[in-house]
Structures are given as structure tokens and as C-alpha cells.
S.K.: 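Okay, here's the structure, questions in a sec.
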Amino acid sequence: MENLRIDGQRLWDSLMEMARIGATKKGGVCRLALTDLDKQSRDLFIAWCEQAGCRVSVDPVGNIFARRPGRDNALPPVVTGSHLDSQPTGGKFDGAYGVLAGLEVLRALNDGAVETEAPVEVAVWTNEEGSRFAPAMMGSGVYAGLFPLEDIYAAEDVEGNNFGAELERIGYKGAARGAPAIGAYFEAHIEQGPILEAEQRTIGIVTGAQGQRWYEITLTGMEAHAGPTPMARRRDALVGAAQVVQTVNRIGHDFQPYACATVGMMQVHPNSRNVIPGRVFMTVDFRHPDDARLGAMDAALRQEAAAIAEQCKLELELKQILDFQATPFDAGCVAAVRAGAERFGYSHSDIISGAGHDAVYVAKIAPAGMIFVPCEDGISHNEIENATLEDLAAGCQVLLHAVLDKAGAR
Ligand code: HGY
Ligand code: MN
Ligand code: MN
């Protein structure tokens with residue numbers, strides 16, 4: 001067992017085959033949650049897991065659990081995994097790496113005929129990205145008891161498609177499972193930022209994740225004719241929205257170091273070149289590793305958006321739709337990841353995750369940890385996202401070590 005190694009080429013080949021589902025011209029993927037492409041990726045993953053001898057179950061929000069039995073199946077499983085849904089212009093590795101690294105761990109255990117004490121499961125969490133249906137991390141959020149299932153079923157995308165109906169349509173509205181039971185959880189993921197590459201480190205020992213808040217803002221003015229309407233009489237919702245965009249960006253700079261502030265989505269109504277926009281819907285994404293600073297960013301946004309609305313004679317609706325505090329990961333899981341990096345001699349450093357991950361919600365109900373590997377130029381949520389077979393394999397080898405550390409093996 002000492003010499004048990006994962007097969008990096010097999011992992012890479014699985015990643016490349018999975019990346020063909022929803023492949024885009026620039027080499028990325030578009031596999032939005034609960035679309036037919038999401039279904040295809042789920043079906044492929046399940047076929048691979050069944051070939052590896054796993055028993056597969058699906059829960060009521062579509063989370064998939066592929067189980068490899070242990071000697072004592074009464075023990076809570078050691079779980080690893082991530083997500084298969086992507087951003088509209090996503091990359092091959094965001095999410096899929098954590099899922100297929102988990103599968104590669106199962107395949108390596110099979111190759112070595114290793115029997116673990118506790119069962120090992122690979123999980124695919126539904127709608128981690130929160131792109132088509134907001135908020136993010138719905139599957140792990142329901143699993144951890146943070147989101148009521150009925151609220152998630154009622155969620156709609158911008159075309160008015162209902163989450164529950166789409167989940168049923170793709171055949172992944174599963175049966176209720178008992179109370180969540182996870183002995184320990186590990187998620188392997190690309191860093192999605194520039195730090196590990198800049199420091200020339202192979203492994204990121206993720207000690208926690210920064211806090212995150214998502215808002216939906218609707219500014220309402222008055223549609224009117226772009227020609228005869230004098231400037232002084234206008235209630236132009238897009239002019240107000242443009243000032244909110246500038247304000248969000250300035251708040252991000254005001255709360256350096258570390259703050260991140262993004263307006264990623266905007267819908268202008270009626271979006272016609274000779275009509276003064278009467279309504280704008282936009283999103284705000286705030287992040288900071290310090291909860292107090294995140295709270296101060298929140299207060300600044302609310303105060304300044306209200307002032308802009310008043311000055312532009314607009315109605316303002318501001319809804320917070322996601323809020324999680326900075327999350328430290330379990331010391332025992334962090335230590336297992338560190339031991340794995342040290343055992344195999346991989347360069348490594350501690351890192352806080354800038355991105356949200358399912359591990360953040362799983363950490364609410366079980367000991368959780370993450371393993372990062374670098375990605376090229378720190379680019380992610382972009383079709384050119386790239387990583388090397390060597391780094392991905394190293395992260396998977398550390399994952400194997402961490403899983404065995406917690407699952408016990410002979
Ligand atoms: O937004 C995030 O951090 C993650 O990619 N869902
Ligand atoms: Mn991800
Ligand atoms: Mn992502």
C-alpha cells in the first residue's frame with residue numbers, strides 16, 4: 001500500500017474525455033447546471049463509477065454519490081468530489097478536476113486491491129457555479145441544511161425555467177437520503193488565481209475560504225423616447241446603473257488588501273437603442289477574508305446605491321441572495337493534506353481560497369479540507385483555463401494520501 005500511486009495519464013485522459021461534453025471553440029466548456037450537457041456529464045461519470053464497482057445514489061437536489069464499500073460500512077464515508085456544471089465560458093478543469101481526481105483515487109484503490117476501513121464516496125454537487133440558477137453551491141447548500149429544498153426547487157433562470165422541473169427533466173431528482181453523514185471531506189481544485197504559479201508551488205494547502213456576498217439590484221426609472229425627451233426630464237435607469245458599477249469597483253479598491261468586488265451580470269430593459277432604459281437588473285459579488293471588512297463593504301454599497309437612486313430619480317431594490325462568512329477548514333484535514341504534500345516531496349504553501357467551493361458548505365457539517373494545484377496565469381472562468389498533467393496528478397496523489405489517512409486502509 002506504501003507504493004500506491006494514482007495514474008496521472010488516466011486522470012488526464014478522463015478529464016479530456018469529460019471536456020468533450022459542452023466543448024467550446026476556444027477549448028473550454030459550457031455545461032450550465034441542469035442542461036442536457038450537464039446530464040451527459042453526469043451520465044458519463046456514473047458509467048465510469050459503475051465500471052469501477054461503485055454503487056451510485058442521487059439525492060433530492062441531484063447530488064450524486066458513488067460509493068466504494070469499506071470493511072465497516074456502518075462508518076461514515078470519507079467523501080471527495082466537486083462539481084461538473086460550468087460557467088458559460090468555463091474551463092476544462094474547474095470542478096471536473098475534483099470529481100475525476102476522486103474517481104482516479106477509487107481506480108487506484110481498485111488497482112492496489114486496497115480495502116479501506118470506512119467506505120469512500122465521490123460526490124458530484126449540483127449547481128456549484130450559480131450561473132444559470134442563483135445562488136451558487138445549491139447542491140452542497142441543501143445537503144448541509146443551509147437552503148430549504150423547496151426554495152431551491154422554486155428557483156428560476158433568466159428564461160423562467162424552473163430548477164425543480166429541469167432537475168426532473170434530466171432525470172436527476174433523486175430519493176431522500178438519511179441525515180448527512182460524512183466522516184471527512186476533501187476537494188481537489190485548481191486555484192483559479194495566480195498565487196501558486198507565482199510562488200512556483202505545486203500544492204496549495206487550503207486553510208480556509210474567504211467570505212462572500214451576492215446581491216441582486218434592480219433600478220427602475222421610466223422608459224421614454226430617446227429623441228424628444230429633454231435630458232433634465234429623464235429617469236434613466238442605465239445612467240444610475242453605470243454609477244453603481246463605478247461605486248462597486250471603487251469599494252473594491254477602498255477595501256484593499258484582499259477585497260474583491262464585481263458586477264458580472266446586467267440586463268437593460270427594454271434594451272432598445274432609441275428608448276431611454278426604464279429598468280436595469282444587475283448583480284454584485286463581494287468577497288473578503290475578514291467578515292468585519294465584508295460588512296463594511298456591504299454598508300458602503302447600501303448607502304451609496306441609495307444616494308445614486310435618489311440623485312437619478314430611480315427606485316432601488318437591493319436584495320442579498322448569498323452570504324457566507326470566511327470559513328476555516330478542519331485542522332485535521334489540513335494536516336492530512338500537508339502530510340501528503342510533504343510525503344511525496346511536492347513544493348507547497350498555505351493558501352486561503354478566493355473562490356467559493358462546495359467544501360465551504362460541507363465544512364458546516366463535517367471536517368473538510370481542500371487541495372489546490374496551480375492553473376496557467378491564474379486564469380479560470382475562462383475557456384483558456386489550463387493546468388498541467390503533472391500538477392493535476394500531484395494534487396490527486398495528495399488526495400489519495402488524505403483520503404487513506406481518514407478512511408484507514410490495510
Ligand atoms: O463563485 C465562485 O467562487 C465559484 O466559482 N462558484
Ligand atoms: Mn469550481
Ligand atoms: Mn467556478
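Each ligand, and each atom within it, is numbered from 1 in the order the structure gives.
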S.K.: If we check side chain to side chain contact (heavy atoms under 4.5 Å, CB included) with Val142, which of these qualifies: Asp151, Thr126, Val61?
M.R.: Val61
S.K.: Closer than 2.8 Å to the Mn ion (ligand 3), do we get an N, O or S atom from Asp94, backbone or side chain?
M.R.: yes
S.K.: State, with a plain yes or no, whether a side-chain heavy atom of Gln192 is found less than 4.5 Å away from one of Phe372.
M.R.: no
S.K.: If we only count heavy atoms from C-beta on, is the Arg31 to Met18 side-chain gap below 4.5 Å?
M.R.: yes
S.K.: Report the part of Gln210 in contact with ligand 1, treating N, CA, C, O as backbone and CB onward as side chain, heavy atoms under 4.0 Å; options are side chain, backbone, both, neither.
M.R.: neither
S.K.: If you stand at the Mn ion (ligand 2) and look out to NE2 of His189 and NE2 of His83, what angle do those two lines make, to 10°?
M.R.: 110°
S.K.: Heavy-atom contacts with Ala355 under 4.0 Å: which atoms of ligand 1 show up? List them by number with element.
M.R.: 3 (O)
S.K.: Hey, does Gly356 come in under 3.5 Å of ligand 1, counting only N/O atoms on both sides?
M.R.: yes
S.K.: Closer than 2.8 Å to the Mn ion (ligand 3): does that hold for any N, O or S atom in His381?
M.R.: yes
S.K.: Can you tell me the N, O or S atom of Glu129 that's nearest the Mn ion (ligand 3)?
M.R.: OE2
S.K.: Quick one: do Asp157 and Arg132 make a salt bridge, cutoff under 4.0 Å?
M.R.: yes
S.K.: Restricting to N/O/S atoms, is His357 within less than 2.8 Å of the Mn ion (ligand 2) or not?
M.R.: no
S.K.: Under a 4.0 Å N-O cut-off, is there an ion pair linking Arg10 with Glu104?
M.R.: yes
S.K.: What's the shortest distance from atom 6 (N) of ligand 1 to any protein heavy atom, and which residue and atom give it?
M.R.: Glu128 OE2, 3.0 Å
S.K.: Could you tell me whether Arg169 and Glu166 make a salt bridge, using a distance below 4.0 angstrom between a side-chain N and a carboxylate O?
M.R.: yes
S.K.: In the protein, what heavy atom is nearest to atom 1 (O) of ligand 1, and what distance, to one decimal place, separates them?
M.R.: Arg287 NH2, 2.8 Å
S.K.: Give, for atom CD1 of Ile205 and atom SG of Cys333, the distance between the pair rounded to the nearest 0.5 Å.
M.R.: 13.0 Å
S.K.: Assess whether side chain to side chain contact (heavy atoms under 4.5 Å, CB included) is satisfied between Arg250 and Glu304, documenting all intermediate values.
M.R.: CA-CA 11 Å; Arg250 206 216 60 248; Glu304 297 197 39; 2.8 Å; yes
S.K.: Below 3.5 Å, N or O to N or O, backbone or side chain included: is there any such pair between His381 and ligand 1?
M.R.: yes
S.K.: With a heavy-atom distance limit of 4.0 Å, tell me whether Met137 approaches ligand 1 through its side chain, its backbone, both, or neither.
M.R.: neither
